[in-house]
> 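Right, I'll just put the structure down here and ask away after.
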Amino acid sequence: MENPRLHQVALFSGLDEAALNLIAQRVVNRTFPANTIVIHEGDEALSLYLIVSGAVKVFLSDDNGKQIVVNSQREGEYFGELALLDDAPRSASVMTTEQSTFMVLNKHDFDRILQEHPAIALPIMRQLASRVRLLSENVKSLALLDVYGRLARTLLMLAEPGEDGRLAVREKLTQQELANRIGASREMVARILKDLTTGGYISIDKRRITINDRLPAAY
């Protein structure tokens, strides 16, 4: 019988029941409290993490502690996948933003599974290729869009349909957290959010951002 949690993880969505069972036999569950560093940038990469519950942020930081958030992820998603492909150190840090439980797959266990069942590799490679394409789009956004364009794109990417039909950002993000995601100052983000609120395009209640109308193409 296939593992339902593994089936819900995009990385393994193309695998059949037998392949999922092989992986299920190798994973271990780990739970971390909120605001805990799960992996550090520069650490040795030994495991893939599958998010069972909770949420994390993926970020880069400099020697002065300044952060830029690369991504945020919730249940059904995964991180640390580059550990499955090479022996290079971790390329980013990951911190829980709420209490989170993960299924952890050791690199050596995964290598053994691939050696015994090489057909598993193809659907996994397709998922990894999709992740690379998404990262390329994020880099393009940082390079070519202005601050407003990056903020609008981020809000739309994070937003999900609510019960009233409007899009709402599920995460309760501070202005600084939004600024870290798009490589901008908190003051600039605050000014844009204020103007969008005044124009009726968004509403903010207890850090929950709701998109009321189509965001302007430019600021």
Side-chain angles (χ1 to χ4, degrees), residues 8-11 13 34-35 41 51 53-62 64-79 81-82 91-98 100 126-219:
Q8 293 167 4
V9 176
L11 183 63
S13 61
N35 302 316
E41 182 181 355
I51 306 174
S53 63
V56 302
K57 67 175 182 180
V58 184
F59 66 94
L60 304 171
S61 57
D62 61 20
N64 297 319
K66 183 179 179 180
Q67 292 184 5
I68 180 167
V69 177
V70 178
N71 198 6
S72 61
Q73 298 174 301
R74 303 194 67 87
E75 58 268 21
E77 298 185 275
Y78 57 91
F79 59 90
E81 69 277 7
L82 293 182
S91 58
S93 298
V94 179
M95 173 187 282
T96 57
T97 53
E98 56 188 74
S100 304
R126 287 172 177 158
Q127 278 295 326
L128 291 175
S130 296
R131 176 65 65 87
V132 171
R133 291 181 186 278
L134 177 60
L135 289 174
S136 297
E137 284 297 316
N138 289 340
V139 172
K140 180 179 178 181
S141 170
L142 284 172
L144 300 180
L145 296 179
D146 60 12
V147 174
Y148 170 75
R150 299 200 299 272
L151 179 58
R153 180 177 182 271
T154 298
L155 292 178
L156 291 173
M157 286 182 63
L158 294 174
E160 301 175 2
E163 294 181 359
D164 59 2
R166 293 183 298 171
L167 293 174
V169 178
R170 183 175 178 182
E171 295 179 70
K172 294 182 178 180
L173 298 170
T174 65
Q175 293 173 354
Q176 186 61 60
E177 287 170 334
L178 279 170
N180 290 344
R181 286 174 184 266
I182 64 172
S185 67
R186 186 200 64 79
E187 292 76 13
M188 187 63 182
V189 168
R191 188 164 70 207
I192 294 172
L193 291 177
K194 180 180 179 181
D195 289 345
L196 289 175
T197 302
T198 301
Y201 295 102
I202 67 171
S203 54
I204 304 176
D205 181 29
K206 297 179 180 178
R207 290 193 292 163
R208 173 66 61 86
I209 300 174
T210 299
I211 300 175
N212 302 317
D213 201 355
R214 184 174 181 177
L215 298 180
Y219 182 61

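A quick note: this is a predicted structure, and the numbers were derived from the prediction, not measured. We count residues from 1, following the sequence as given. No hydrogens, no waters, no symmetry mates; every other heavy atom, side chains included, goes into these values.
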> Counting C-beta onward and ignoring hydrogens, is there a side-chain heavy-atom pair between L178 and L155 closer than 4.5 Å?
yes
> State, with a plain yes or no, whether a side-chain heavy atom of I192 is found less than 4.5 Å away from one of L196.
yes
> Can you see whether R186 engages Q175 through a side-chain donor-acceptor pair at a distance of less than 3.5 angstrom?
yes
> L158 vs S72, test: side chain to side chain contact (heavy atoms under 4.5 Å, CB included). Steps then yes/no.
CA-CA 9 Å; L158 294 174; S72 61; 3.6 Å; yes
> Taking M188 as the fixed residue, which of D146, V147, L151 is the one that meets the side chain to side chain contact (heavy atoms under 4.5 Å, CB included) rule?
V147
> Give the minimum heavy-atom separation between A92 and V58, together with the two atoms involved.
CB-CG1, 3.8 Å
> Could you go through the side chain to side chain contact (heavy atoms under 4.5 Å, CB included) check for Y219 and D195 one step at a time?
CA-CA 9 Å; Y219 182 61; D195 289 345; 2.3 Å; yes
> Extract all donor-acceptor atom pairs below 3.5 Å that involve side chains of residues 198-207 and protein atoms in other chains or at least two apart in sequence.
{"residue": "T198", "atom": "OG1", "partner": "K194", "partner atom": "O", "Å": "2.9"}
{"residue": "R207", "atom": "NH1", "partner": "K172", "partner atom": "O", "Å": "3.3"}

> Is any side-chain heavy atom of L60 closer than 4.5 Å to a side-chain heavy atom of E41?
yes
> Which atom pair, heavy atoms only, marks the closest approach of R208 to V169?
CD-O, 2.8 Å
> Restricting to non-hydrogen atoms, name the atom on A184 and the atom on R150 that form the minimum distance, rounded to 0.1 Å.
CB-NH2, 4.3 Å
> Run the salt bridge (charged side-chain N to carboxylate O under 4.0 Å, His left out) check on E171 and R181 step by step: do they pass?
CA-CA 13 Å; E171 295 179 70; R181 286 174 184 266; 3.1 Å; yes
> Looking at every non-hydrogen atom in both residues, tell me the closest pair between Q67 and N180 and how far apart they are.
O-OD1, 3.5 Å
> Quick one: salt bridge (charged side-chain N to carboxylate O under 4.0 Å, His left out) partners of R126, sequence neighbours excluded?
none
> For I51 and Q73, work out which heavy atoms get closest and say how close.
CD1-CB, 3.7 Å
> Search all heavy atoms of A159 against all heavy atoms of I211 and return the closest pair with its distance.
CB-CD1, 4.0 Å
> Do E160 and R74 meet the salt-bridge criterion of a basic N to acidic O distance under 4.0 Å?
no
> Check whether T97 reaches the backbone of K57 with its side chain - one donor and one acceptor, N or O, closer than 3.5 Å.
no
> Taking side chain as C-beta onward, heavy atoms only, is L167 less than 4.5 Å from P161?
yes
